[in-house]
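This structure is a prediction, so every number in the text was calculated from the model and none was measured.
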Amino acid sequence: MDFLNQLIDNSQVPVITAFLLGLLTALSPCPLATNVTAVGYIARSCMEENDDKGNAQRRVLWSGMLYTLGRSLAYTLLGVILIYIIRQGADTFGLQQVISEWGELILGPALVIIGLFMLFGDRLHLPKLSLTPSPSPKGEGSYKGNMGSLLLGILFAMAFCPTSGLLYFGMLIPMSAEATAGYLLPLVFAIATALPVLVVAWVLAYSMQSLGKVMGKIAVFQKWFNRVIAILFIGVGIYYSITMFA
């Protein structure tokens with residue numbers, strides 16, 4: 001963390017600074033809980049019975065890319081609006097307050113609901129909603145159900161805590177408003193925030209799948225792992241709810 005702060009202080013290139021701010025956001029204590037949740041969710045995407053190594057790799061990468069896309073859409077669209085407002089000479093403080101407040105209020109209950117659905121959704125007589133990717137009939141690496149990764153990326157991006165809010169609103173956006181290619185900087189920031197999650201999820205997913213195959217009970221292992229991720233969602237959601245509503 002101190003090393004990243006030193007790099008940010010010494011950086012004179014806006015693109016590099018935006019990337020470092022994104023990494024600092026991903027590794028900060030405040031967003032850590034959501035990052036751990038995202039890692040588990042993406043790793044869960046490879047825990048499919050009878051997946052071969054190549055198929056698991058495509059599954060994890062596809063889920064991770066959609067998660068990154070979700071963060072990129074959220075941060076970039078919001079950044080474009082804020083940069084435009086600042087360049088027109090208006091104040092964005094009120095908008096920042098509303099986004100930060102509502103993002104934090106929604107995150108906790110949303111994670112609890114998602115976790116409960118993972119645990120008990122199969123017992124409800126509802127239209128089928130896949131929270132895990134399923135392979136296409138042609139086996140070409142195209143998957144259904146990955147919208148969950150996209151929506152999760154958007155949700156986590158908009159859940160600004162004090163640390164991420166300061167780095168985004170207080171440092172990235174003012175710098176972007178002054179930079180020539182400022183509208184691209186929120187995109188660079190977003191990719192950097194998702195990069196550590198994607199790398200760790202890839203390593204974890206392969207470890208979990210290999211362990212399951214060694215045990216010779218991949219289906220049982222998948223069911224256990226899915227429950228752990230669901231409980232993780234519920235736990236993080238309760239943590240955020242207590243923090244916001246207590």
Below 3.5 Å, can you tabulate the donor-acceptor pairs from side chains in residues 184-201 to any protein atom, sequence neighbours excluded?
| unit_1 | atom_1 | unit_2 | atom_2 | d |
| --- | --- | --- | --- | --- |
| T193 | OG1 | R71 | NE | 3.0 |
| T193 | OG1 | A190 | O | 2.5 |

Listed partners of F156 passing ring pair (Phe, Tyr, Trp, His ring centres under 6.0 Å), at least two apart: none

Test ring pair (Phe, Tyr, Trp, His ring centres under 6.0 Å) applied to F169 - qualifying residues, sequence neighbours left out: F160

Single-linkage hydrophobic cluster Y168~L166, side-chain heavy atoms < 4.5 angstrom: no

Nearest-0.5 Å distance that lies between atom CG in L155 and atom CG in L111: 6.0 Å

Heavy-atom check, side chain of L20 versus side chain of I16, under 4.5 Å: yes

Between OH on residue Y183 and CD1 on residue I83, distance to nearest 0.5 Å: 6.0 Å

Y41 OH to S63 OG distance, which is reported to the nearest 0.5 Å: 6.5 Å

Pairwise distance CD1(I86) to CD1(I81) - rounded to 0.5 angstrom: 12.0 Å

CZ on R87 to OG on S176, rounded to 0.5 Å: 8.5 Å

Validation row: M158, L78 side chains within 4.5 angstrom (heavy atoms): yes

Same cluster (ILVMFWY, side-chain, under 4.5 Å), I154 and I113: no

Exercise: identify the closest heavy-atom pair between S28 and L167: OG-CD1, 4.2 Å

Pairwise side-chain contact, V236 with V36, heavy-atom cut-off 4.5 Å (strictly under): no

Side chain to side chain contact (heavy atoms under 4.5 Å, CB included) evaluation trace for N35 with V39: CA-CA 6 Å; N35 290 343; V39 166; 5.5 Å; no

CG-CD1 distance between L66 and I42, expressed to the nearest 0.5 angstrom: 9.5 Å

Test item: L172 and Y75 side chains (from C-beta on) under 4.5 Å apart, heavy atoms: no

L77-Y67 co-clustered via ILVMFWY side chain contacts under 4.5 Å: no

